[in-house]
There are 2 protein chains.
Amino acid sequence: MSPRRSVADTLETRQRILERSLAIASAEGLEGLTIGRLADELGMSKAGLLGHFGTKEGLQLAVVDEAAAVFSREVPERVKQAPSGLRHLRAVCEAWVSYLEREVLPGGCFFTAATTEFDGRDGRVRDALAGMNALWRRDLRIHIRRAMSFGELPGDTDVDQLIYEIVGIMLALNHFLQLEHDAAAPARARKAIRRLLGG
Amino acid sequence: MSPRRSVADTLETRQRILERSLAIASAEGLEGLTIGRLADELGMSKAGLLGHFGTKEGLQLAVVDEAAAVFSREVPERVKQAPSGLRHLRAVCEAWVSYLEREVLPGGCFFTAATTEFDGRDGRVRDALAGMNALWRRDLRIHIRRAMSFGELPGDTDVDQLIYEIVGIMLALNHFLQLEHDAAAPARARKAIRRLLGG
DNA sequence: CCTACCGATCGGTAGG
DNA sequence: CCTACCGATCGGTAGG
């Protein structure tokens, strides 16, 4: 009476689906990710695929989680060892630029694409994306506050203004890389970050 | 033998279609703009609608042109009378911020949404979008160069760096307005522009 | 500008 | 995990 597929196999299949989904969604959007095409590319049936997620919205929410895991692995976890304060903030920004520069996902930053796609709608996917963005800004805020408390940034630094400008630099980096294939864009991003944070 | 509808009527219908299309596309994307839904909202048949543009791609290209016309009317044409040089550049940026702040289109900046949607594809729509972006950067470049020649900006100003940073500020403005409904975002955009251009 | 229609694909379900 | 199927919608065409 042993099951035909072990729990490990099931999780592995689920992971395969998510990796393929994330690549498609970063390039063609979360709505352009269709069950039929995805099943086709993975050599499985639509019903078999949907069994893992229930509905398309369930799949989309799982892809958002997977994207957050990839970003977390590529950016904050890479600089965990950096000393606290301004140096940590600089290391985070450099890892962020490097992540976009290396084009880890074929369509560039998944969150930029998905956020722009869903910001005019409502529902659970939009809420999940807004939540991820808020969490990430919270991380940035912590690093900025710490740098201020260490006297590495001026005491009257406008924290939300600094976050706004850093986000703008990264959005522009994604824009110039994806639309213009501008190889000079990462250097511009680094120069802009340096003007804000020194180094 | 007079035609049932005059040329003027035909152009008016075409304009009605484009205005509705632009509103839908700014909120739901150029691909989310479907012929059936559009025809339904306008109370006409799909065939009648498609007659004006031939194919969906023809419609999308016409919407890109219409978006450029709206942007042109709302930003550069509003500041035509501003004196040449740095004051003109500042006026352009202020009109640009104001355009996004007033949410002229329901989904925010059409070009941000459409560019992000199409940057991973190829074809005539993507090329048209890239061309519009290039034209607009050319305008900005002219104003920056003029301000430099007047001695209003340093002679060693990195022109492409400045364009990069201005674009980033506007992308961030659209992001914080659309996703976060952050009413403080326009003030942050203005502060960031002031830091770059003085005033 | 319309009606009537085409093949293809969408997300999803029944039943195993 | 599969086959077989559902109603709805997609872009587009024929013919008027």
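Every chain is numbered from 1 and lettered A, B, ... according to where its sequence line falls, protein lines coming before strand lines. Fair warning: this is a prediction, and the values are worked out from it, not measured in the lab.
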Whole-Å distance between D/dC2 P and A/His52 NE2?
9 Å

Under a 4.0 Å heavy-atom cut-off, which of residues 121-129 of chain A touch DNA chain C?
none

How would you list all residue pairs meeting side chain to side chain donor-acceptor pair (under 3.5 Å) that involve residues 104-118 of chain A, not counting sequence neighbours?
A/Thr115-A/Asn133

For residues 46-55 of chain A, which side-chain N or O atoms pair as donor and acceptor with protein atoms under 3.5 Å away, sequence neighbours left out?
residue : atom : partner : partner atom : Å
A/Thr55 : OG1  : A/Glu57 : N            : 3.4
A/Thr55 : OG1  : A/Gly58 : N            : 3.1

Enumerate the ring-ring contact (aromatic ring centres under 6.0 Å, His included) contacts for residues 172-199 of chain B, please, sequence neighbours excluded, ordered by first and then second residue.
A/Tyr164-B/Phe176

Detail all sub-3.5 Å separations between protein N/O atoms and N/O atoms belonging to nucleotides 10-15 of chain C.
residue : atom : partner : partner atom : Å
C/dC10  : OP1  : A/Thr34 : OG1          : 2.8
C/dG11  : OP1  : A/Lys56 : NZ           : 2.8
C/dG11  : OP2  : A/Ile35 : N            : 2.9
C/dG11  : N7   : A/Lys46 : NZ           : 3.0
C/dG11  : O6   : A/Lys46 : NZ           : 3.2
C/dG12  : OP2  : A/Lys56 : N            : 2.5
C/dG12  : O6   : A/Lys46 : NZ           : 3.2

List in chain and number order the residues that pass salt bridge (charged side-chain N to carboxylate O under 4.0 Å, His left out) with A/Arg190, two or more places apart in sequence or in another chain; answer none if no residue qualifies.
A/Glu94, A/Glu101

For residues 191-199 of chain B, which side-chain donor-acceptor pairs fall under 3.5 Å, sequence neighbours excluded?
residue  : atom : partner  : partner atom : Å
B/Lys191 : NZ   : A/Asp158 : OD2          : 3.0
B/Arg195 : NH2  : A/Glu165 : OE1          : 2.0
B/Arg195 : NH2  : A/Glu165 : OE2          : 3.3

Atom pairs and distances, donor-acceptor, side-chain atoms in residues 167-174 of chain A, under 3.5 Å, two or more places apart:
residue  : atom : partner  : partner atom : Å
A/Asn174 : OD1  : A/Cys109 : N            : 3.0

Taking only residues two or more places apart in sequence, or in another chain, which ones meet B/Ala27 in a side chain to side chain contact (heavy atoms under 4.5 Å, CB included)?
none

Considering residues at least two apart in sequence or located in another chain, which fulfil the salt bridge (charged side-chain N to carboxylate O under 4.0 Å, His left out) criterion with A/Glu41?
A/Arg20, A/Arg37

Can you list every stem that DNA chain D is part of, counting only runs of 3 or more consecutive Watson-Crick or G-U wobble pairs with both distances under 3.5 Å?
C:1-16 with D:1-16

Applying salt bridge (charged side-chain N to carboxylate O under 4.0 Å, His left out), can you list everything that pairs with A/Asp160, at least two apart in sequence or on another chain?
A/Arg141, B/Arg188

How close or far is atom C1' of C/dA8 from atom CG of A/Asp40, stated in whole angstroms?
13 Å

Less than 6.0 angstrom separating the ring centers of A/Trp136 and A/Phe111, yes or no?
no

